[in-house]
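By convention in this document, chain letters (A, B, ...) are assigned in the order of the sequence lines, proteins followed by strands, and residues within each chain are numbered from 1.
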Amino acid sequence: MNIEELKNQENKIEPVHFIEEIIRKDLSEGKNQGRLHTRFPPEPNGYLHIGHAKAILLSYGLAKKYNGKFNLRFDDTNPEKEETEYVESIKEDLRWLGADWEDREFYASDYFDQLFDWAVMLIKQGKAYVCELSPEQVSENRGTPSVPAKSPFRDRPIQESLDLFQRMKNGEFPENSMTLRAKVDLASPNMHMRDPIMYRIKHASHHRTGDKWCIYPTYDWTHGQSDFIEGITHSLCTLEFENHRPLYDWYLDQLTKPGDYRPRQIEFARLNLNYTVMSKRKLLRLVKEKYVSGWDDPRMPTVSGLRRRGFTPESLKIFAEKVGIAKRENIIDFSLLEYAVREDLNKKAIRVMGVIDPLKVVITNYPEDKTEMLEAVNNPEDESMGTRQVPFSRVIYIERDDFMENPSKKYFRLSPGNEVRLRYAYFAKCTDVIKNDKGEITEIHCTYDPESKGGNSPDGRKVKGTIHWVSANDAVEAEVRLYDRLFLNESPDDVEEGMDFISNLNPESLIIKKAFVEPYLKNAKPKEKYQFERIAYFSVDYDSTPENLIFNRTVTLKDSWSKMKQ
RNA sequence: UGACCUAUUGUGUAAUGGUAGCACAACAGACUCUGGAUCUGUAUGUCAAGGUUCGAAUCCUUGUAGGUCAGCCA
């Protein structure tokens, strides 16, 4: 490291968000034996989206950075909503993101026995009781924030509760007939503390425990205890659980003594992105009603959708880092996500030439039957990625956009009489414009300068524009799927009376076109990333084959020309 | 309506009582065999009002605005 770099190092103060600050403090004070242990607790009832990715990267990243551990724990306390299919997709997404839970794949349902024993203990201590109110009655008796709740069964004898709870477990009672409630505080201004329900009766089959149980613990009674069982030290979650924290702590108080190890819940603001929706309900609707092709449709903000679109784990890490961690509600610009993926792909993607909207060009002074190979750089950002050979011949395709019959002053591309560089090939000058009966341009005639082979003229003359091309005889046809934002409005829920977010869908979020690409791409494999020069980054789709190449547009290149035109 | 939380440029996020900075976006320019990348520059901000202090984005008070909670969902 030279002096300059050292200086930079010193001046660069690493920004530390409030959660990391807490962790550093806890670690330095030797709390919990100086351990750091985080977890990601998804409910297996849907696919992960980019908001989950932020949470995963946070919890895993912190554990990794401070030599801690990271658990994966499925929060499967509601047998009616959860499915094994989701367990698999969630694990795949985590692996892809690089979050390594090692051998610690847990399920809240693993703790049902322990949870039951602790519940019995609380009943014996007079801190929990069986309540025979129906769901409607519980709701009626809940009171309002300023009026205390009522609970007629809270003072029933311990033995009676013990007996009833055992019989609840044995399946003697129908659903909704009774619950186990913690005796906390009916008058608390925090509604979660008004004798919260710990167990409810559900005669449902669970994806892991089968028919063993007909009572299931609620989230509040499960989550903190699961953290405790696993030795979690910092339990990170989103803001809507803030009001649950006193209850989280109350339950833990019943199991621990002051000074003992205990997990701590810390909340941060969830991620929101404009031009998309994030709620499981809405995403599910897009899938079910076929507005998209599935959970992994490249327009979806799901981890699997982003992956298919061409995002890399690194690009999501860049994104998550730029977004930051704080407690205020936020709506992140979609452009930050685009920036993150460009940032990563710019360094990694092989450059190729492909023409999406072809215009035929005949190089009139180039030999009829000649084809020559020209050397092209694979990535100007990374010399180690080498070069490749690109065929050139008399008839080529260029982008229709790259020719203008009556150009404005600022237009650097091909126009009558104007000379441009054909990338990696030759200088070429437009001599004729051929049109059909309707006056539409059907082909362009050019002459080339044989002296300018490789893209530079020995006389040192400069051209302002460089355009891409493919040799017509050698071109390979490919399908390109041009993806754009799923919604037209940055707030999809911002709709007129009587409408919903569906009315804001962008009808042009997917446009499929045939393109001509250079033969180098003949063997492009699914998931490979390419930059079509001057156009966009593309990722080879899972369904792509050598006979039927499919490229998904991840994100366009920045385009200052299109801005200038406006 | 009660409790809890939040408020810094267009969007995010720092500044931990001492020069309001960074990123994205925007705009202007340089450079360029990608109108890409890179580089340089510009404009825009502390919710409001009081108070404490030599000094307040930061502490206090009161407002205002927004979020969360009254599922046997998580």
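- Across the protein-nucleic acid pair, A:N141 atom CG and B:G71 atom P stand 12 Å apart, rounded to whole Å.
- At whole-Å resolution of the value, NZ in A:K327 and P in B:U68 are 15 Å apart.
- Residue A:Q531 is in base contact, counting any heavy-atom pair closer than 4.0 Å across all strands shown.
- A salt bridge links A:K327 with A:E242: at least one charged nitrogen is closer than 4.0 Å to a carboxylate oxygen.
- For A:R208 and A:D110, the salt-bridge test passes: some basic side-chain N is under 4.0 Å from an acidic carboxylate O.
- Using a 4.0 Å heavy-atom criterion, one finds that A:S134 contacts the bases of the nucleic acid, with or without backbone contacts as well.
- The base of B:G12 is not paired with the side chain of A:E321 by any donor and acceptor separated by under 3.5 Å.
- With A:Q265 contributing its side chain and A:F241 its backbone, the two residues share a donor-acceptor pair below 3.5 Å.
- Across all strands, A:D75 comes closer than 4.0 Å only to sugar-phosphate atoms, never to a base (heavy-atom distances).
- Residue-to-nucleotide contacts include a donor-acceptor pair under 3.5 Å from the side chain of A:R413 to the base of B:G35.
- Remark: B:G17 base-pairs with no nucleotide; criterion is Watson-Crick or G-U wobble with both hydrogen-bond distances under 3.5 Å.
- Look at B:A7: its Watson-Crick or wobble partner, with both distances under 3.5 angstrom, is B:U64.
- Applying the 3.5 Å distance criterion, the base of B:A3 shares no donor-acceptor pair with the side chain of A:H192.
- The separation between A:F319 atom CZ and B:U13 atom P is 11 Å, rounded to whole Å.
- A:N190 comes within contact range of no nucleotide atom at all, as no heavy-atom separation falls under 4.0 Å.
- B:G66 and B:U11 have their P atoms separated by 16 Å, given to the nearest Å.
- Atom CD1 in A:I318 sits about 12 Å away from atom P in B:C24, given to the nearest Å.
- No cation-pi contact links A:R156 to A:Y129, judged by a cut-off of 6.0 Å to the six-membered ring centre and 45° from its axis.
- Both geometric conditions, a ring-centre gap below 5.5 Å and a plane tilt below 30°, are not fulfilled together for A:Y219 over the base of B:A74.
- Within the structure, a side-chain polar atom (N or O) of A:K563 is placed less than 4.0 Å from OP1 or OP2 of B:A26.
- A donor-acceptor contact shorter than 3.5 Å links the side chain of A:R194 to the backbone of A:R142.
- Here B:U52 sits opposite no nucleotide as a Watson-Crick or G-U wobble pair (both hydrogen-bonding atom distances under 3.5 Å).
- Close to B:C72, at under 4.0 Å from its OP1 or OP2, lies a side-chain N or O of A:R142.
- As judged by a 4.0 angstrom heavy-atom cut-off over every strand, A:I535 is placed among residues making no nucleic acid contact.
- Residues A:D344 and A:K348 are paired through a salt bridge, judged by an N-O separation under 4.0 Å between the basic side chain and the carboxylate.
- For B:G45, the glycosidic angle deviates from 0 by more than 90°, giving an anti base.
- Counting to the nearest Å, the P atom of B:U6 and the CD atom of A:E329 are 12 Å from each other.
- Comparing A:R534 and A:V323 along RNA chain B, the residue whose closest nucleotide (by nearest heavy atom) sits nearer the 5' end is A:V323.
- If you measure from atom CG of A:D382 to atom P of B:U38, you get 15 Å, rounded to the nearest angstrom.
- With both pairing distances under 3.5 Å, B:G71 is matched to nothing as a Watson-Crick or G-U wobble pair.
- The residue A:L133 sits close to a base: some heavy atom pair falls under 4.0 Å.
- Residue A:N45 contributes atom CG, which lies 20 Å from atom P of B:G71 at whole-angstrom precision.
- Shown here, B:G41 forms a base pair with B:C27; the pair counts as Watson-Crick or G-U wobble because both key distances fall under 3.5 Å.
- Nucleic acid contact class of A:L557 (heavy atoms, under 4.0 Å, all strands): base.
- Taking atom CD1 of residue A:I332 and atom P of nucleotide B:U13, one finds them 6 Å apart after rounding to whole Å.
- A cation-pi arrangement, defined by a distance under 6.0 Å to the six-membered ring centre and an angle within 45 degrees of its axis, is present between A:K464 and A:F412.
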